[in-house]
Amino acid sequence: MFYLLVTIPANAKWSQNGMNIVGGNGVGGATNQLNWPQSLFVDADQTVVIADYWNHRIIQWKNGDTTNEQVVAGGNGQGNGLNQLNRPTDVLIDTETNSLIICDRENQRVVRWSRLSGTTQGEILLDKIYCWGLAMDEQKYLYASDTGKGEIRRYQLGEKNGILVAGGNGQGDGLNQLSNLFNLFVDRKHNVYVSDYSNHRVMKWNKCAKEGIVVAGGQGQGTALTQLSYPYGIFVDTLGTFYVADSGNNRVMRWTHRDKKQGTVIVGGNGQGASTNQFYSPHGLSFDRYGNLYVVDCNNHRVEQFSIE
């Protein structure tokens with residue numbers, strides 16, 4: 001699988017104080033620092049890879065590692081060489097080929113980078129795409145958001161022309177439109193969930209649908225449990241419960257099938273800050289197979305782990 005099939009009880013709770021696992025040592029380019037990290041991916045063995053935006057690299061942390069983290073892609077300065085990245089925003093682990101798939105945003109390309117030791121450069125999978133978010137399904141189709149066009153396309157690896165699966169009608173707030181920045185998640189039925197950033201909502205595009213359904217937010221920007229403020233990372237478990245990094249409200253929210261109109265705050269929501277129970281613009285989020293939550297705390301330049309109770 002290219003994403004974990006995680007089943008989390010609908011009434012699950014998490015520790016309200018996160019444990020810092022990467023970064024948290026001020027903004028910088030050392031291997032124990034991050035600079036405006038964006039998204040992350042958690043593998044079956046709890047290995048975490050992080051898109052370290054302003055350091056133009058991908059950082060890896062292995063469970064239980066108390067030493068400095070490892071640079072596994074980029075890290076050779078900002079540029080468009082095959083050994084360089086330019087503001088990466090998302091990363092996946094492709095276990096079948098033992099490689100990373102990276103949204104190399106400002107180079108307007110998606111690249112694949114082998115995880116084998118000694119790898120010094122990547123290869124271009126897609127170009128001329130102003131991507132932000134990536135996802136992959138079990139049939140190994142790659143999904144990529146193009147914020148310049150306000151659309152998400154599905155690609156067979158090795159092909160350049162994808163099939164439109166969401167948006168594609170210009171940037172806007174219609175049900176057949178998306179705003180200027182969005183992350184995504186693809187479930188087992190190939191439905192696409194989109195965090196529609198500037199529209200302060202989460203959209204679900206059923207397979208082959210021509211327009212999406214608002215499944216969270218969409219009530220204007222705000223702090224109520226029916227509202228979102230610049231939603232970012234998104235994750236869907238096997239029960240169809242979805243989780244959203246509500247970046248403008250500095251909280252992570254959950255919506256179950258029973259929630260219909262409003263969500264619940266599972267961590268954060270304690271104001272903007274750097275304490276262990278606070279965030280300063282949370283971006284990426286994911287879970288490991290045990291249900292522990294990982295959050296990219298962007299403006300605190302760290303990644304936090306919240307243990308499931």
Side-chain angles (χ1 to χ4, degrees), residues 2-8 12-24 34 36-43 46-53 59 61 88-93 103 132-135 145 181-187 192-197 200-202 215-217 228-256 263-270 276-308:
F2 304 100
Y3 58 89
L4 289 177
L5 293 176
V6 180
T7 301
I8 301 171
K13 297 182 183 298
W14 288 263
S15 168
Q16 292 303 294
N17 293 292
M19 178 179 68
N20 190 79
I21 62 168
V22 183
L34 298 169
W36 217 56
Q38 292 298 303
S39 298
L40 82 169
F41 187 93
V42 183
D43 205 352
Q46 294 175 283
T47 296
V48 180
V49 288
I50 303 144
D52 191 9
Y53 186 84
I59 286 282
W61 173 84
T89 54
D90 206 357
V91 57
L92 305 175
I93 296 176
C103 176
W132 194 279
L134 297 171
S145 64
L181 191 156
F182 36 86
N183 276 30
L184 62 146
F185 191 97
V186 180
D187 69 14
V192 179
Y193 290 77
V194 187
S195 54
D196 195 7
Y197 187 80
H200 313 294
R201 65 187 183 184
V202 174
V215 292
L228 295 168
S229 178
Y230 299 108
Y232 199 98
I234 188 166
F235 187 95
V236 184
D237 70 14
T238 57
L239 299 178
T241 300
F242 62 92
Y243 304 81
V244 183
D246 189 13
S247 68
N249 287 322
N250 297 298
R251 64 191 184 186
V252 175
M253 300 193 71
R254 169 179 62 195
W255 268 264
T256 70
T264 56
V265 179
I266 61 170
V267 292
N270 299 304
T276 56
N277 68 342
Q278 293 180 304
F279 298 116
Y280 185 3
S281 191
H283 279 194
L285 67 83
S286 192
F287 292 86
D288 64 25
R289 57 185 174 145
Y290 303 106
N292 300 311
L293 169 64
Y294 298 74
V295 182
V296 176
D297 191 8
C298 178
N299 288 351
N300 281 324
H301 313 289
R302 66 187 183 184
V303 174
E304 298 277 279
Q305 181 196 67
F306 296 84
S307 299
I308 190 167

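Between the side chain of Asp52 and the backbone N or O of Ile59, no donor-acceptor pair lies under 3.5 Å. Ser195 places a side-chain N or O within 3.5 Å of a backbone atom of Asn183 that can act as its donor or acceptor partner. Listed for the Gln38 side chain is a donor-acceptor partner under 3.5 Å among the backbone atoms of Trp36. Side-chain N or O atoms of Ser307 include none that pairs as donor or acceptor with a backbone N or O of Ser15 at under 3.5 Å. With Gln16 contributing its side chain and Trp14 its backbone, the two residues share a donor-acceptor pair below 3.5 Å. Side-chain N or O atoms of His200 include one that pairs as donor or acceptor with a backbone N or O of Tyr230 at under 3.5 Å. Of the possible donor and acceptor atoms, none in the side chain of Asp196 sits under 3.5 Å from a partner among the backbone N and O of Val202. Put simply, the side chain of Asp246 never gets that close to the backbone of Val252: no donor and acceptor are under 3.5 Å apart.
Note that CG of Asn277 and CG of Asn250 are 11.5 Å apart. Values are rounded to the nearest 0.5 Å. Atom-to-atom distance recorded for Thr276:OG1 and Phe306:CZ is 7.5 Å, nearest 0.5 angstrom. To the nearest 0.5 Å, atoms CD (Gln305) and CG (Asn20) are separated by 10.5 Å. A distance of 11.0 Å separates CG of Leu40 from CH2 of Trp61, quoted to the nearest 0.5 Å. In this structure, CD1 on Ile266 lies 9.5 Å from CE on Met253, to the nearest 0.5 angstrom. Put simply, OG on Ser145 and CH2 on Trp132 are 9.0 Å apart, with the number rounded to the nearest 0.5 Å.
Contact between Thr241 and Arg254 at its shortest, heavy atoms only, is CG2-CG, 3.5 Å. Taking all atoms of both residues into account, the shortest heavy-atom contact from Pro282 to Ser247 is O-CB, 3.1 Å. Closest non-hydrogen pair, Ile234 versus Tyr193, comes out as CD1-CB, 3.7 Å.
You'll find the ring centres of Phe185 and Phe242 outside the 6.0 Å limit.
Evaluation of the side chain to side chain contact (heavy atoms under 4.5 Å, CB included) rule for Ala135 yields Tyr143, Leu184, Val186 as partners, not counting sequence neighbours. In this structure, the salt bridge (charged side-chain N to carboxylate O under 4.0 Å, His left out) partners of Arg302, at least two apart in sequence or on a different chain, are Asp297, Glu304. With sequence neighbours left out, the salt bridge (charged side-chain N to carboxylate O under 4.0 Å, His left out) criterion links Asp90 to no other residue.
Each of Asn249, Asn299, Val296, Val267 was compared with Phe279 under the side chain to side chain contact (heavy atoms under 4.5 Å, CB included) criterion, and only Val267 meets it. Screening Asn292, Val42, Ile8 for a side chain to side chain contact (heavy atoms under 4.5 Å, CB included) involving Phe287 leaves a single residue, Ile8.
Between Tyr197 and Tyr232, the ring-plane angle classifies as perpendicular under the 30° and 60° cut-offs.
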Just do the side chain to side chain contact (heavy atoms under 4.5 Å, CB included) check on Leu293 and Tyr243 with the steps written out, would you?
CA-CA 10 Å; Leu293 169 64; Tyr243 304 81; 6.0 Å; no
### Query
For Thr256 and Leu239, what are the C-alpha separation, side-chain angles and deciding distance, and is it a side chain to side chain contact (heavy atoms under 4.5 Å, CB included)?
CA-CA 8 Å; Thr256 70; Leu239 299 178; over 6 Å; no
- Carefully, step by step, assess Tyr294 and Val48 under the rule side chain to side chain contact (heavy atoms under 4.5 Å, CB included). CA-CA 9 Å; Tyr294 298 74; Val48 180; 3.9 Å; yes
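Between His283 and Ser39 there is no side-chain heavy-atom pair separated by less than 4.5 Å.
Using modelled atom types, one finds a donor on one side chain and an acceptor on the other under 3.5 Å when comparing Gln46 with Asp288.
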